[in-house]
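Take a look at the structure set out below.
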Amino acid sequence: MAYANFRRNWVRALGKAGLKGVRFHDLRHTGNTLAAIAGATLPELKERMGHASDRAAMIYLRATDERHREIADTLSAMAKAELKGKKRSGTQRARKRKKRS
């Protein structure tokens with residue numbers, strides 16, 4: 001399909017969907033951003049995009065505030081699981097005895 005035909009069909013499809021100002025390339029950007037948020041790695045993004053260099057794929061790996069919270073929550077859960085059920089160190093026991101005194 002020639003570019004002129006594609007463009008005409010694209011604009012028609014946007015009109016039917018009630019969208020304005022959406023470029024076809026925006027779909028690529030959105031898809032790769034969502035893939036990065038879903039956990040795609042740098043090599044996976046490069047493969048999806050057909051890029052050999054890291055530079056272009058890194059654009060999509062910018063962390064969102066929501067992702068920062070997810071990472072923090074996961075780290076917190078890991079730390080709690082690690083600490084749960086473990087005996088206190090000698091220092092921790094001594095501090096507890098000192099508080100009681």
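If you're wondering where the values come from, they're calculated on a predicted model, not measured in any experiment.
Counting only distance, with no hydrogens or angles, the side chain of Lys46 and the backbone of Ala52 share a donor-acceptor pair below 3.5 Å. The closest donor-acceptor contact from the side chain of Trp10 to the backbone of Arg23 lies at 3.5 Å or more, if one exists at all.
For Arg48, the side-chain contact (heavy atoms from CB on, under 4.5 Å) partners at least two apart in sequence or on another chain are Asn32, Ala35, Leu45. Applying the side chain to side chain donor-acceptor pair (under 3.5 Å) test to Thr41 and every residue at least two apart in sequence or in another chain returns Glu44.
The minimum heavy-atom distance between Arg28 and Met49, with the atom names listed, is NH2-O, 2.9 Å. Between Ala36 and Leu61 the shortest heavy-atom distance is CB-CD2, 3.9 Å.
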Original post:
His29 and Tyr60: side chain to side chain contact (heavy atoms under 4.5 Å, CB included), yes or no, with the steps?
Top reply: CA-CA 8 Å; His29 182 74; Tyr60 302 102; 3.0 Å; yes
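Within the structure, every pair that satisfies the side-chain hydrogen bond (donor to acceptor under 3.5 Å, both in side chains) test and touches residues 12-22, not counting sequence neighbours, is listed here: Asn9-Arg12.
Linking Ile, Leu, Val, Met, Phe, Trp and Tyr residues whenever their side-chain heavy atoms come within less than 4.5 Å leaves Val11 and Leu19 in two separate clusters. Residue Leu14 is grouped with residue Phe24 when hydrophobic side chains (ILVMFWY) are merged at heavy-atom distances under 4.5 angstrom, including chains of intermediate members.
For Glu70, the CD atom counts as densely surrounded, since its 6.0 Å shell holds more than 12 non-hydrogen atoms of other residues, nucleotides or ligands.
Note that CD1 of Ile71 and NE2 of His68 are 6.5 Å apart. Values are rounded to the nearest 0.5 Å.
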